[in-house]
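Hydrogens, waters and symmetry mates are skipped; everything else that's a heavy atom, side chains included, is used. Both counts, for ligands and for their atoms, begin at 1 and track the order of listing. All values reported here derive from a predicted model rather than from experimental measurement.
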Amino acid sequence: MIFSLKGKTAIITGGGSGIGKAIAATFAKQGAHVCILDFNVDNGRATVSEIEKTKGSASFYQCDVANQEQMEGVFSEISKNHRIAILVNNAGIAHVGNIENTNVEDLDRLYNVNIKGVYNGMKAAIPYFKKQKGGVIVNMASIASWVGIDDRFAYSMTKGAVLTMSYSVAKDYVNDGIRCNTISPARVHTPFVDGFIEKNYPDNQAEMFENLSKTQPIGRMGKPEEIANLALYLCSDEASFITGTDFPIDGGFIKLNG
Ligand SMILES: NC(=O)c1ccc[n+]([C@@H]2O[C@H](COP(=O)([O-])OP(=O)(O)OC[C@H]3O[C@@H](n4cnc5c(N)ncnc54)[C@H](O)[C@@H]3O)[C@@H](O)[C@H]2O)c1
């Protein structure tokens with residue numbers, strides 16, 4: 001089977017919702033044992049039971065990606081019974097605001113999850129990958145890593161860092177058989193987007209949804225499954241020649257707007 005993950009264990013952070021949930025389901029369908037790391041227990045467990053209903057294999061670990069000790073502990077626990085082959089650092093949080101209305105607490109919060117969380121994941125995984133002479137990392141960046149998005153000061157900072165941290169890791173570990181790439185989605189319809197619209201535009205949610213859809217030249221938002229299929233390709237052996245690269249998946253957002 002092409003794009004098979006049979007016999008591989010994949011760790012997916014933020015696998016309880018949205019893009020991470022779709023990645024977990026897709027990887028499990030392709031034969032991987034999926035380890036979902038999320039701080040939301042209900043969502044994490046629900047994803048596991050959905051995967052098990054379709055005869056997939058999954059387990060849930062509650063953990064805050066920003067907490068290094070917790071992350072190291074979970075990786076160590078998983079490694080006792082599994083050879084970790086794949087890490088997808090997907091957990092992330094959003095923030096709306098320009099520099100003037102971004103306070104230092106907002107900046108730290110975004111840094112802790114979106115940057116330090118990715119650092120913690122890679123830092124925990126690399127010793128295992130080095131020892132076994134191989135491993136694949138996919139980090140979730142964003143079109144905000146590429147182009148200016150208005151009112152996204154802190155979020156853009158973090159997604160720029162995800163991109164450059166990934167280039168650095170790809171280069172430093174290329175001789176250890178470790179591949180590291182990023183995915184940069186434009187707007188994808190997930191609870192992350194619904195929550196954002198609800199919080200920031202409570203009085204005109206439908207209009208905002210329409211506007212956000214139209215910012216992609218293709219005229220709609222992406223689907224979590226579309227991002228999951230790209231993640232599957234990048235984590236499969238079919239992508240064994242790909243490292244140190246970013247993959248926009250954006251309905252034409254970066255190149256066709258303006
Ligand atoms: N949805 C989009 O439009 C979009 C676009 C570009 C990039 N992204 C990125 O894709 C990723 C996933 O986004 P989504 O839309 O699926 O979001 P989502 O909010 O639907 O899911 C994110 C998941 O991460 C978990 N999470 C958040 N902080 C965590 C922490 N500290 N520790 C452990 N788990 C944590 C949440 O509980 C949730 O299950 C994020 O990194 C986001 O920045 C999303």
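Taking only nitrogen or oxygen atoms, main chain and side chain alike, Leu37 does not reach within less than 3.5 Å of ligand 1. Taking only nitrogen or oxygen atoms, main chain and side chain alike, Val188 reaches within less than 3.5 Å of ligand 1. Geometrically, ligand 1 and Asn40 share no nitrogen or oxygen pair separated by less than 3.5 Å. Considering backbone and side-chain atoms alike, Ser17 places an N or O below 3.5 Å from some N or O of ligand 1. At a 3.5 angstrom cut-off on N or O pairs, Ser142 does not count as close to ligand 1. Backbone and side-chain nitrogen or oxygen atoms of Gly20 are examined, and none is located within less than 3.5 angstrom of a nitrogen or oxygen of ligand 1. Considering backbone and side-chain atoms together, Asp38 places an N or O closer than 3.5 Å to an N or O of ligand 1.
Using a 4.0 Å cut-off between heavy atoms, Asn112 makes no contact with ligand 1 at all. Under 4.0 angstrom from ligand 1, there are no non-hydrogen atoms of Ala144. Contacts of Lys159 with ligand 1, taken as heavy-atom pairs under 4.0 Å, involve the side chain alone.
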Candidate pair Thr182 and Asn139, rule side-chain hydrogen bond (donor to acceptor under 3.5 Å, both in side chains), full reasoning = CA-CA 5 Å; Thr182 47; Asn139 294 325; over 6 Å; no
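Atom 28 (N) of ligand 1 has its closest protein heavy atom at Phe39 CZ, 3.5 Å. Here the heavy atom of the protein found nearest to atom 31 (N) of ligand 1 is Asp64 OD1, 2.8 Å. At the top of the distance list for atom 32 (N) of ligand 1, counting protein heavy atoms only, stands Val65 N, 3.0 Å. Shortest contact from atom 33 (C) of ligand 1 to any protein heavy atom: Cys63 O, 3.2 Å. Protein heavy atom closest to atom 42 (C) of ligand 1, with residue, atom name and distance, is Tyr155 OH, 3.6 Å. Protein heavy atom at the shortest distance from atom 35 (C) of ligand 1 is Ala91 CB, 3.8 Å. The nearest heavy-atom contact from the protein to atom 15 (O) of ligand 1 is Thr190 OG1, 2.6 Å. Atom 10 (O) of ligand 1 has its closest protein heavy atom at Met140 CG, 3.3 Å.
Remark: ligand 1 atoms within the under-4.0 Å shell around heavy atoms of Arg187 are 3 (O). Less than 4.0 angstrom separates some heavy atom of Val193 from each of these atoms of ligand 1: 1 (N), 3 (O). Using a 4.0 Å cut-off to heavy atoms of Gly18, the atoms of ligand 1 that qualify are 16 (O), 20 (O). Using a 4.0 Å cut-off to heavy atoms of Val113, the atoms of ligand 1 that qualify are 28 (N), 31 (N).
Rounding to the nearest 0.5 Å places OG1 of Thr215 at 10.0 Å from CG of Asp250. Here the straight-line distance linking atom CD1 of Ile11 with atom CD1 of Ile78 works out to 3.5 Å at 0.5 Å rounding. Taken to the nearest 0.5 Å, the CD atom of Glu207 stands 10.5 Å off from the OH atom of Tyr201. The CZ atom of Phe60 sits 8.0 Å away from the CD1 atom of Ile36 when rounded to the nearest 0.5 Å.
Taking the centre of each ring, Phe27 and His33 stay at or above the 6.0 Å mark.
Phe253 is listed as a side-chain neighbour of Ile149, based on a closest heavy-atom distance under 4.5 Å. Looking at heavy atoms from C-beta onward, Val136 lies out of side-chain contact with Phe129 at the 4.5 angstrom threshold. Within the 4.5 Å cutoff, no side-chain heavy atoms of Val174 are placed close to those of Ile178. Side-chain contact between Asp108 and Lys116: absent, with no pair of heavy atoms (C-beta onward) separated by less than 4.5 Å. Looking at Glu225 and Thr26, their side chains never come closer than 4.5 Å, going by heavy atoms from C-beta outward.
A salt bridge links Arg220 to Glu226: at least one charged side-chain nitrogen sits closer than 4.0 Å to a carboxylate oxygen. Using a 4.0 Å cut-off between a side-chain N of Lys or Arg and a carboxylate O of Asp or Glu, Glu72 and Lys123 do not qualify as a salt bridge. Salt-bridge annotation for Lys131 and Asp176: absent, with no side-chain N of the basic residue lying under 4.0 Å from a carboxylate O of the acidic one.
Cluster annotation: Leu230 and Ile137 are assigned to distinct hydrophobic clusters (Ile/Leu/Val/Met/Phe/Trp/Tyr, side-chain heavy-atom contacts under 4.5 Å, transitive).
Not a single heavy atom of Gly117 sits less than 4.0 Å from an atom of ligand 1. Using 4.0 Å as the threshold, Asn43 has no heavy atom nearer than that to any atom of ligand 1. In this structure, Ala141 counts as a contact residue of ligand 1, since one of its heavy atoms falls inside 4.0 Å of the ligand.
Nearest to atom 11 (C) of ligand 1 by heavy atom, out of Asn90, Ile19, Val88, Ile23, is Asn90. Of the candidates Gly92, Ala22, Ala186, the one placing a heavy atom closest to atom 4 (C) of ligand 1 is Ala186.
By the 6.0 Å and 45° rule, Arg187 stacks over the aromatic ring of Phe196.
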